[in-house]
Asker: 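Here it is, the structure, as structure tokens.
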Amino acid sequence: MAGKKADPGQLSFDLPQEPAVIEEQPEGRVVRVLTDVTAIDRAFDYLVPSTWEADGRSEALQIGSSVRIPLAGRRVGGWVIADNVEPPPGVKLRSLAKLSSRGPSEEIIDLARWAAHRWAGRLSSLLKTASPAVNVTRIPPAPAHIEAHGKEATWAARALEQPCTSLRLPPGFSVLPLLKAAARRGDTLVIVPTLKQAQRLALEVRQAGLPVALMPRDWARAAAGGMVIGTRSAVLAPVANLAAVVVIDEHDEAHQEERNPTWHARELAIERARRAGVPCVLTSPNPSLEALAWGEAQMLPRAEERQGWPKVDLIDRRPDDPVRSGLLSEALVPLIRGEQGDPVVCVLNRKGRSRLLACAQCGNLICCEDHQVPLTQDDQEVLICPIDQVRRPAVCESCGSVRFKNLRAGVTRVREELEALARRPVVEVTADTPESDLKQAKLLVGTEAVLHRVDRAACVVFLEFDQELLAPRTRASEQAMALIIRAARLLGGRQDGGRLAIQTRLPDHEVLQATLLSDPSRLVEPETVRRQLLNLPPFSALAQISGAAAQAFITNLGRPEEVDVLGPRDGAWLIRAKTAEKLADVLAQVERPPGRLRIEVGPLRS
DNA sequence: CGGACAAGCTGA
DNA sequence: CAGCTTGTCCGG
């Protein structure tokens, strides 16, 4: 186990100055409690009431226990983070008010402390994540150990041989053999990106006859033993006898917490496994460079890997004559009419109705003369100013043409056009489309969120993929690939007969070529070169500082050696260091100014 | 965070 | 100088 790091910036205990004479030593056991009030972020010492001896509460109370404490005239919650401590002299100790619940073990608290330092956040925020949602007072008996049936897949067993393995598995390939192989070794912790995936996987594992706890619901059951499956917060779950850690789809951005501290489940999983001396397996159809930093990816034989990807149609829009809005090409017609099977899911990454119209004749943008903003088009061929809602006929002001070209079609508009072209009903999928509508629909359209709401499809169409490829984000390629992987999951492998259609004017783009050839290794080299050239993670570590107190923080930071400070841009600064450890050390040394401050370590955007 | 308390401001 | 607002400090 790695040594605990002293963390001067995070917790101040006002330790006693080695008292010469110990006098008036308070009677009884004293514990140190970290409050769950984020703004306090301090630990205080409390007496364990002597009455707790008799009813077993004293025995149940241990490091990690969740307690209520009197503090400044009110009761607040907290965690016991040290036992049998010597309180600072001269303070009048108060007694614990209540033993609320079991909490994280000492190992998890140490891991949380490491994460709080690594992501420059508060320990209490991580302990909250590590604690049960509802109070737990007893742990159920351990489930009987059940041996997974069937013979062990060699690739799965091999992945568990090393301390940390990046395992490249195509989207249509089940991870169940890996989980079974891990379960043979003992209790396994499995981290997946979404709750839906966690539920589905837990069901599969249960059907395979293995005991499984679904986090965060089954905190107590997780502590009892068996396999533990959950989303990122499960990386701090109690696991009885940890034997392996598996991170599924480690490339997925859902593994990173979006609130402060922005910890990443992949990195935490690796550290947890390392501390426990058990293997950590990171799976992904397209391993992140961060995962590949642990060594070359293990993979299936190429022929087998290809079978795990769907068939891909790249629809090159360049020589195309546009149909209707120009968004739907002739080549789509057989697909959206269901000739390759149903349901067909169309993805368009834009929201709302047409926002930007141009005259088809003279090319002028259709704007409001008074407010200089683009006009929107109504159902009844009327133009509306978004500022004062004034309506006028749909006629070009400069040439009188009544034909407009939609430069930014929204989902609603595309739905109508799809319906006309497919000659059948199209369901527009939004956050509040009822589940029943989704189940019956044969043809659907929505933003990328539609890929989360539908379970299976015979065909997925990306109506306009170029904006993903050209997005001005450092992780654009990776994010585009993640989207393709999500789509491929709905389609299954090659033998399932699903089709992935992508409309593009960039058919030679490396992401699309990698998809077409079912070969993500084509992305590794160009992406590595690019990141190295721009000095981006994993070849550096970044933190974004924003909020009202950001300026003061940067002033306090000064100009440490081997650290770059970039910005401000839009009121935010970027701090770059060679390694995550260096970055964390530098951030921890800065005196925190009062006021709102957001420190985003390893930002996904920018 | 939320209470306590001190310092500063206002009105007569 | 009471009565109030605003700011700073501290909690075991």
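Below, read A as the first sequence line, B as the second, and so on, with proteins coming before strands; counting in each chain starts at 1.
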Asker: Using the salt bridge (charged side-chain N to carboxylate O under 4.0 Å, His left out) rule, collect all pairs that involve residues 539-556 of chain A, keeping only residues at least two apart or in two chains.
Answerer: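 Counting only pairs at least two positions apart or across chains, no salt bridge (charged side-chain N to carboxylate O under 4.0 Å, His left out) contact touches residues 539-556 of chain A.
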Asker: Measure CZ/A:F44 against P/C:dG12 and give the value in whole Å, please.
Answerer: 7 Å
Asker: Quick one: A:I69 CD1 to C:dG11 C1', roughly how many Å, whole number?
Answerer: 9 Å
Asker: Return each pair, listed once, that meets side-chain hydrogen bond (donor to acceptor under 3.5 Å, both in side chains) where at least one residue sits in residues 94-104 of chain A; pairs must be two or more places apart or across chains.
Answerer: none
Asker: If a pair satisfies salt bridge (charged side-chain N to carboxylate O under 4.0 Å, His left out) and one of its residues is in residues 237-252 of chain A, list it, with sequence neighbours excluded.
Answerer: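 Sorted pair list: A:D249-A:R489, A:E250-A:R266, A:D252-A:R486.
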Asker: List for me each residue that meets side-chain hydrogen bond (donor to acceptor under 3.5 Å, both in side chains) alongside A:R531, sequence neighbours excluded, and say none if there are none.
Answerer: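 A:E478, A:E527.
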Asker: Going 5' to 3' along DNA chain B, which are the first and last nucleotides with any atom under 4.0 Å from a heavy atom of chain A?
Answerer: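 Answer, 5' to 3': B:dC1 to B:dG2.
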Asker: Can A:T433 and A:R453 be counted as having a side-chain donor-acceptor contact under 3.5 angstrom?
Answerer: no
Asker: For A:R68, give me all partners under side-chain hydrogen bond (donor to acceptor under 3.5 Å, both in side chains), at least two apart in sequence or on another chain.
Answerer: none
Asker: Rounding to a whole Å, what distance do you find between A:I40:CD1 and C:dG12:P?
Answerer: 10 Å
Asker: Just how far, in rounded Å, is P of C:dG12 from CG of A:L93?
Answerer: 10 Å
Asker: Could you tell me which residues satisfy side-chain contact (heavy atoms from CB on, under 4.5 Å) with A:A240, sequence neighbours excluded, listed by chain and number?
Answerer: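 With neighbours one apart ignored, the set is A:D187.
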Asker: Can you list every pair that meets salt bridge (charged side-chain N to carboxylate O under 4.0 Å, His left out) and has a residue in residues 551-565 of chain A, with sequence neighbours left out?
Answerer: A:D564-A:R576
Asker: Restricting both atoms to N or O, compile the protein contacts to nucleotides 8-10 of chain C shorter than 3.5 Å, with distance only.
Answerer:
none

Asker: Roughly how many Å is it from CZ in A:R94 to P in C:dG11, rounded to a whole number?
Answerer: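 Between P of C:dG11 and CZ of A:R94: 12 Å.
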